Amino acid sequence: MKKIILASLLVLLGSSVYAADACIPGGARQLVPGSATSFIREGFNPVCSSNTTMVYTDDAANQKLIGGSASIKGSTSFAGSTLGGAVKSAVDCTNKSCGGTQAATQAAAAMVIASGLGT
């Protein structure tokens with residue numbers, strides 16, 4: 001029985017990588033949670049423009065945080081990570097505008113680019 005409980009806990013605690021929204025255009029601020037088992041130790045509420053989408057991945061197992069963002073009024077998405085790579089422009093939006101749902105799509109694409117920054 002002890003082995004089953006231990007195995008269950010390891011499965012639950014072993015999943016230390018997750019992606020989440022930090023900002024949604026026109027939506028309420030999203031809590032960025034923190035914990036002893038995540039890269040972010042203390043939770044916080046980011047302050048974002050009402051036009052901004054921001055997504056991130058907390059990867060405690062590899063000791064990194066990656067993120068991507070875009071504005072529905074902007075023309076470029078941005079990527080950044082804690083791997084030593086600075087925030088940089090990532091993907092240009094079509095027709096020089098990230099309007100509609102394209103901001104969320106481009107922010108997610110920027111997050112993929114961010115995973116390679118600093119390596």
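Hydrogens, waters and symmetry mates are skipped; everything else that's a heavy atom, side chains included, is used. Predicted, not measured: the structure shown is a model, and the values here were computed from it. Position 1 is the first residue of the sequence, and the numbers go up from there.
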Mind checking the OG1-CG spacing from T76 to D92? Nearest 0.5 Å is all I need. 4.5 Å
Separation between OG of S49 and CE of M54, rounded to the nearest 0.5 Å: 11.5 Å
Note: P46 and C23 closest approach over all heavy atoms is CG-SG, 4.1 Å
Establish whether F44 and F39 are linked, either directly or via other cluster members, by ILVMFWY side-chain heavy-atom contacts under 4.5 Å. yes
N51 side chain to I72 main-chain N or O, any donor-acceptor pair under 3.5 Å? no
For the CG atom of D58 and the NZ atom of K64, what is their distance to the nearest 0.5 Å? 11.0 Å
P33 and S38, any side-chain heavy atoms less than 4.5 Å apart: no
Rounded to the nearest 0.5 Å, the OG1 atom of T82 sits from the CD1 atom of I40 at a distance of 9.5 Å
Quick one: does S77's side chain have a donor or acceptor within less than 3.5 Å of a partner on A90's backbone? no
Counting C-beta onward and ignoring hydrogens, is there a side-chain heavy-atom pair between I66 and D59 closer than 4.5 Å? no
